[in-house]
Protein chains: 2
Amino acid sequence: MRREGEPIRIMLGVNVSTLKGYTDVPYPYASISCTRAFEWTLQKIVRSNTSAFKLLFLYVHVPDEDSFDDMDCIYASPEDFKSMMSRDRVTGLHLLQYFVTRCHEIGVSCVSWIKTGDPKKVICHEVKRIQPDFLVLGNRGLGLFQRIFIRTVSDFCVKHAECPVITIRRRADEIPEDPADD
Amino acid sequence: MRREGEPIRIMLGVNVSTLKGYTDVPYPYASISCTRAFEWTLQKIVRSNTSAFKLLFLYVHVPDEDSFDDMDCIYASPEDFKSMMSRDRVTGLHLLQYFVTRCHEIGVSCVSWIKTGDPKKVICHEVKRIQPDFLVLGNRGLGLFQRIFIRTVSDFCVKHAECPVITIRRRADEIPEDPADD
């Protein structure tokens, strides 16, 4: 059991944007929906009570199984895999650095880590292992028709994660031309 | 737009327990899951930062359409309906009084109100009208098989409410013999 004065631990799943060049920040940067989920958590939950909460950022690196159409990247030697692996690790570090820096500026304590696998399963597995007080996830806010084809990570986690889950939709003015983008 | 210093408004849907006599409090009292959702909100979100939040309690009175098997209650005259109506109103007032009293003791500001209709639809309608920052609902934590037969209010609101929704499951030691009870 946690003691009375210890911070409430809020886990956030973060991922990369599918849109290049929509901000001035060099790519890769965080997706619109996970950025929104982070800002929402600060504005609506943490507020000025920074010492009462701790944010736990998880980035899940997805193994690049079917990227034969990505012609910049031909895996012909163990070295190619190594460079791909290190590239993906850099992506994760980039994202986590952004969130950790923001937390330090605001004065909220945080930790961040990278795992590899299927994001929805890894997030649920990490919830079980870490036991956060609750989980905040961004959500593209897709309609029912789109969701039949695009089963979202947040839908899965709402059903299966062993802690309360709150999903935060993007604001209407943030939704890109193709709402499946993020 | 709300100003910076104004409290974050957290809406909670509350309902009556289906179990009589499991506490010393006279029936009707709040369901296990909505009591848990309330306690969770205090412990995990509000904490000692009581002035930063305002709790909005909604009780939805369900019109008693098919209660012919309830032999204590035969509707033979307009007066019978009137007494039924007033009984249900008392139920709602009982519940809201409990939550409002708790909030006053703790020093969190709150409001509460009663609406009539289908709880899931009324909650979503009230979210649209009131625009809370988020909605907290209790959840019995039923398995997939049970949920096919018992479509829960929280499942519906997670999909349809126009604000973020967090559902709070009962603790394992709170689940009654029949988990459909609450």
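Note on naming: letters A, B, ... go to the chains in the order of the sequence lines (proteins, then strands), and numbering restarts at 1 for each one.
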Exercise for the section: List the atom of A:Phe53, the atom of B:Lys44, and the distance in Å for their closest heavy-atom pair. Expected result: CE2-O, 3.4 Å
Exercise for the section: State, to 0.1 Å, how close B:Glu6 and A:Arg47 come at their nearest heavy-atom pair, and which atoms those are. Expected result: O-NH2, 3.0 Å
Completion exercise
CZ (A:Phe134) and OG1 (B:Thr167) are apart, to the nearest 0.5 Å, by 12.5 Å
Handout entry: Verify same cluster id: A:Ile175, A:Val16 (apolar side-chain graph, 4.5 Å)
Key = no
Practice task
Group every Ile, Leu, Val, Met, Phe, Trp and Tyr by side-chain heavy-atom contacts under 4.5 Å, then state whether B:Leu95 and B:Val100 land in the same group.
Solution key: no
Exercise for the section: Mark yes when over 12 heavy atoms from residues, nucleotides or ligands other than A:Glu39 sit less than 6.0 Å from its CD; otherwise mark no. Expected result: yes
Fill in the blank from the handout: Highest number of heavy-atom pairs under 4.5 Å with chain A among B:Val46, B:Val165, B:Val158 belongs to B:Val165
Problem - CD1-CD1 distance between B:Ile168 and A:Ile166, expressed to the nearest 0.5 angstrom - result: 8.5 Å
Practice task
Side chain from CB out, backbone as N, CA, C, O: work out which of these in A:Val136 comes under 4.5 Å of a heavy atom of chain B, or both, or neither.
Solution key: neither
